Novice: 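Just dropping this structure here.
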Amino acid sequence: MTVHIGVIGTGMIGQDHIRRLTDVVTDASVVAVTDVDAECAKEVASGIGARALGTGREVIEDPRVDAVLVTSWGPTHAEYVLGAIEAGKYVFCEKPLATTAEDCLRIVDAEQAYGRRLVQVGFMRRYDAGYRAMKRVMDEGKIGAPLIMHCAHRNATVPETYHSEMATQDTVIHEIDTVRWLLDDEIVSSQVLTPRRTANRFEHLQDPQIMLFETAAGVRVDVEVFVNCQYGYDIQCETVGETGTVRLPDPPGIALRTAGAVRTGVLQDWKSRFTDAFDLEFVEWVTSVRDGRIAGPSAWDGYAASVISDATVEALHSGRIVPVAMKARPAFYT
Ligand code: NAD
Ligand code: ISE
């Protein structure tokens, strides 16, 4: 059975996901798209033989659409995800699920009222081969109980529109989800340290930042976020356990030996670093929609990431350790 998908938001990642749904995933077909930039939507639609519709609501309500992909700007996500739930349709929403914890909770409540899972959130690192291998080793107890995690999230540069809060809301939100998933534990407090700022940044930005999380089990996690590191896109993660450590592998690359040196390239952006993860994320999502059994990152994971992100932004502003005020997880999401 082919899963017919409607896409809301045909910008950068929307176009990338449409390409993978068209060229990589079998049994999926993008049949309708929309964007507030109608010309862009038309152009994308004509490239794949889909219909360009006027609004997100029209896409959700289109009877040919089995499942909705939301890749518009963050503040518009909640309206579309809630609309899809109301229509009883599966919905994949790029991160963030919503830009406020309150809206995330409305989605969680609406999904529970509907009675089964419809929502998946785009935390694609859970589909990365390296992270999956790390999780396997940790789940098998090969390093004993986890005690400490060290993470780094480095981007080569960011535009002037990027502000200090986005280091958490847009960037470290991926580590927030990955840490919760790898440890199968909850983050209970957050602190932000602000080192000397790089000269290679726009004036308003605190860059780099160091985030310190504590989990319910007492694991301490440090995340360095450095979004103007200049040299490339670099994601690091290591767990220290009672009897060993496990580290995320670097992406494979050739080692070029020449002129008295060994050189290995560093990828330049998240798109190339996580291509395979994004591909697998959509292969698995389409299969789960076809089978009526959504299993990827849930609306609850979207809510949890949002609450932890809020605590971290508060910690940045206050300089204090901020407790995470999260509701109890409903049985629906266990
Ligand atoms: P973008 O600006 O390139 O594209 C967003 C598109 O949404 C634009 O074309 C815009 O016109 C359209 N849009 C805005 N409001 C709309 C509305 N109400 N209805 C329909 N269309 C609307 O942005 P992007 O980089 O593609 O990011 C989109 C989303 O994907 C963001 O939430 C972002 O955080 C997320 N994202 C996730 C990852 C990841 O690694 N998982 C990477 C990049 C972006
Ligand atoms: C971007 O929005 C993403 O989601 C990328 O995965 C992340 O690495 C980058 O820092 C964000 O800006």
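We use all heavy atoms of the structure for the numbers below, so side chains are in, but hydrogens, waters and symmetry mates are not. Everything quoted here is computed from the prediction, not taken from an experiment.
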Novice: Taking the side chain as C-beta and beyond, is there a heavy-atom pair between L97 and S306 under 4.5 Å?
Specialist: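 Counting from C-beta outward, L97 and S306 never come under 4.5 Å.
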Novice: Within the supplied structure, the quantity of interest is the number of heavy atoms (other residues, nucleotides, ligands) at a distance under 6.0 Å from R247 CZ; does it exceed 12?
Specialist: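 Atom CZ in R247 is not packed in, count stays at 12 or less.
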Novice: Taking atom CG of D269 as the centre, does the number of heavy atoms from other residues, nucleotides or ligands within less than 6.0 Å exceed 12?
Specialist: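 Yes, CG of D269 has more than 12 neighbouring heavy atoms, counting only those of other groups under 6.0 Å.
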Novice: Kindly compute the distance separating CE (M211) from CG (L316), expressed to the nearest 0.5 Å.
Specialist: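 Atom-to-atom, M211:CE and L316:CG are 7.0 Å apart.
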Novice: When you check the side-chain N and O atoms of R273 and Y233, is any donor under 3.5 Å from an acceptor?
Specialist: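 Result is no, nothing qualifies.
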Novice: Applying salt bridge (Lys or Arg N to Asp or Glu O under 4.0 Å) to R132 and E284, what does each step give before you reach the verdict?
Specialist: CA-CA 14 Å; R132 282 194 165 184; E284 292 195 7; 3.1 Å; yes
Novice: Do F92 and E281 come within less than 4.5 Å of each other through their side chains, counting heavy atoms only?
Specialist: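 Side chain of F92 against side chain of E281, heavy atoms only: contact under 4.5 Å found.
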Novice: Between D109 and R106, is there a side-chain N and carboxylate O pair less than 4.0 Å apart?
Specialist: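 Answer for the salt bridge query: no.
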Novice: For the CZ atom on R19, are there more than 12 heavy atoms of other groups (residues, nucleotides or ligands in this structure) within a distance under 6.0 Å?
Specialist: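 Correct, the count exceeds 12.
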Novice: Who passes side chain to side chain contact (heavy atoms under 4.5 Å, CB included) against R257, sequence neighbours left out?
Specialist: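 Scan of R257 (side chain to side chain contact (heavy atoms under 4.5 Å, CB included), adjacent residues dropped) gives A255, V262.
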Novice: Quick check: closest heavy atoms across M149 and T239, and the distance to 0.1 Å?
Specialist: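 Where M149 meets T239 most closely, the heavy atoms are CG-OG1, 3.6 Å.
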Novice: According to a hydrophobic-cluster definition based on side-chain heavy atoms being under 4.5 Å apart (Ile, Leu, Val, Met, Phe, Trp, Tyr only), do L267 and I235 belong together?
Specialist: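 No, no single cluster joins them.
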Novice: Can you tell me if E214 uses its side chain to pair, donor with acceptor, with the backbone of V188 under 3.5 Å?
Specialist: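 No; zero donor-acceptor contacts below 3.5 Å.
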Novice: With the 4.5 Å side-chain cut-off for hydrophobic clustering, are V108 and V81 part of the same group?
Specialist: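 V108 and V81: separate clusters.
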Novice: Are the side chain of K135 and the backbone of W181 linked by a donor-acceptor contact shorter than 3.5 Å?
Specialist: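 Yes, the answer is positive, given that a donor and an acceptor are paired below the 3.5 Å cut-off.
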Novice: Got a donor-acceptor contact below 3.5 angstrom from the K89 side chain to the V65 backbone?
Specialist: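 Yes, because the side chain of K89 sits within donor-acceptor range (under 3.5 Å) of the backbone of V65.
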Novice: Given side chains that start at C-beta, do those of E43 and Q15 come closer than 4.5 Å, heavy atoms only?
Specialist: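 Result no, sub-4.5 Å side-chain heavy-atom pair not found.
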Novice: Heavy-atom count check: over 12 atoms from other residues, nucleotides or ligands less than 6.0 Å from I321 CD1?
Specialist: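 12 or below, so no.
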Novice: How close do S288 and I294 get, heavy atom to heavy atom, and via which atoms?
Specialist: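 Nearest pair, atom of S288 first, then I294: OG-CD1, 3.6 Å.
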Novice: Using atom types as modelled and distance alone, determine if a side-chain donor or acceptor of T34 lies under 3.5 Å from a backbone N or O of L53.
Specialist: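 It does hold such a pair.
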Novice: Regarding H317 and E165, is there a side-chain donor-to-acceptor distance under 3.5 Å anywhere?
Specialist: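 Checked: H317/E165 side chains pair up, N/O donor to acceptor below 3.5 Å.
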Novice: Determine yes or no for a side-chain-to-main-chain donor-acceptor pair under 3.5 angstrom, with Y80 supplying the side chain and S72 the backbone.
Specialist: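 No, because the side chain of Y80 does not come within donor-acceptor range (under 3.5 Å) of the backbone of S72.
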Novice: Would you sort out whether R126 and D301 count as a salt bridge (Lys or Arg N to Asp or Glu O under 4.0 Å), showing the intermediate values?
Specialist: CA-CA 12 Å; R126 297 189 187 199; D301 294 316; 3.3 Å; yes
Novice: Mind checking whether P297 and Q120 have side chains closer than 4.5 Å, heavy atoms only?
Specialist: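 In contact.
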Novice: Should M326 and Y333 be counted in the same cluster of Ile, Leu, Val, Met, Phe, Trp and Tyr side chains packed under 4.5 Å apart?
Specialist: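 They do share one cluster, since a chain of ILVMFWY contacts under 4.5 Å joins M326 to Y333.
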Novice: Is there a donor-acceptor contact under 3.5 Å from the side chain of N200 to the main chain of N228?
Specialist: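 Not a single qualifying donor-acceptor pair exists.
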Novice: Would you check if V44 and V30 make a side-chain contact, meaning some heavy-atom pair closer than 4.5 Å?
Specialist: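 Not touching, per the 4.5 Å side-chain cut-off.
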Novice: On a heavy-atom basis, which atom in A67 and which in W285 lie closest, and how many Å separate them?
Specialist: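 Answer, listing the atom of A67 first, then W285: CB-CH2, 3.8 Å.
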Novice: Quick one: pull up CD in E224 and NE2 in H150 and give me the separation to the nearest 0.5 Å.
Specialist: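 Atom-to-atom, E224:CD and H150:NE2 are 12.5 Å apart.
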Novice: Test your reading of the model: is there a side-chain donor-acceptor pair from D279 to the backbone of D276, 3.5 Å cut-off?
Specialist: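 No, the answer is negative, given that no donor and acceptor are paired below the 3.5 Å cut-off.
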Novice: State whether the side chain of E111 and the backbone N or O of L118 hold a donor-acceptor pair below 3.5 Å, judged by distance alone.
Specialist: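 Looks like yes, one N/O pair under 3.5 Å.
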Novice: I'd like to know if the side chain of E79 and the backbone of H77 have a donor-acceptor N/O pair within less than 3.5 Å.
Specialist: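 No, the answer is negative, given that no donor and acceptor are paired below the 3.5 Å cut-off.
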Novice: Mind running salt bridge (Lys or Arg N to Asp or Glu O under 4.0 Å) on E175 and R125 for me, showing each step along the way?
Specialist: CA-CA 9 Å; E175 271 74 17; R125 290 193 187 182; 2.8 Å; yes
Novice: Are V192 and I210 connected in a single hydrophobic cluster, I mean Ile/Leu/Val/Met/Phe/Trp/Tyr linked by side-chain heavy atoms less than 4.5 Å apart?
Specialist: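 As far as the 4.5 Å side-chain criterion goes, V192 and I210 are not connected within one cluster.
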Novice: Count I, L, V, M, F, W, Y as connected when their side-chain heavy atoms are under 4.5 Å apart, and connections chain through other members. Are V221 and L182 then in the same cluster?
Specialist: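 Yes: a chain of side-chain contacts under 4.5 Å links V221 to L182.
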Novice: Give me the atom names and distance for the closest heavy-atom approach of R117 to G296.
Specialist: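 Looking at all heavy atoms of both residues, the closest pair is NH2-O, 2.8 Å.
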Novice: Ion pair present between D170 and K95, side-chain N to carboxylate O less than 4.0 angstrom?
Specialist: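 A salt bridge links D170 with K95.
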Novice: When rounded to the nearest 0.5 angstrom, what is the spacing between CG in L248 and CG in D128?
Specialist: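 CG of D128 is found 6.0 Å from CG of L248.
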Novice: Atom CD in E61, atom CD in E86: separation rounded to 0.5 Å?
Specialist: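 E61 atom CD to E86 atom CD measures 8.0 Å (nearest 0.5 Å).
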Novice: For I48, which of I18, L21, V31 qualifies under side chain to side chain contact (heavy atoms under 4.5 Å, CB included)?
Specialist: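 Among I18, L21, V31, the one that satisfies the side chain to side chain contact (heavy atoms under 4.5 Å, CB included) with I48 is I18.
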Novice: May I ask you to decide if Y162's main-chain N or O and H204's side chain share a donor-acceptor pair within less than 3.5 Å?
Specialist: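 Between the backbone of Y162 and the side chain of H204 there is a qualifying donor-acceptor contact (under 3.5 Å).
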Novice: Of all the heavy-atom pairs spanning F213 and V223, show the shortest one and how long it is.
Specialist: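 Nearest pair, atom of F213 first, then V223: CE1-CG2, 3.8 Å.
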Novice: Rounded to the nearest 0.5 Å, what separates atom CG in D62 from atom CZ in R51?
Specialist: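 Here the rounded value is 6.5 Å.
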Novice: So does R64 have more than 12 non-hydrogen atoms from other groups sitting under 6.0 Å from CZ?
Specialist: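 Atom CZ in R64 is packed in, count exceeds 12.
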Novice: Just how far is it from atom NE2 of H17 to atom CZ of F282, taken to the nearest 0.5 Å?
Specialist: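 Rounded to the nearest 0.5 Å, the NE2-CZ separation comes to 4.0 Å.
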Novice: Using every non-hydrogen atom in the two residues, find where A28 and V25 come nearest and quote the distance to one decimal.
Specialist: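 Residues A28 and V25, closest heavy atoms: CB-CG1, 3.9 Å.
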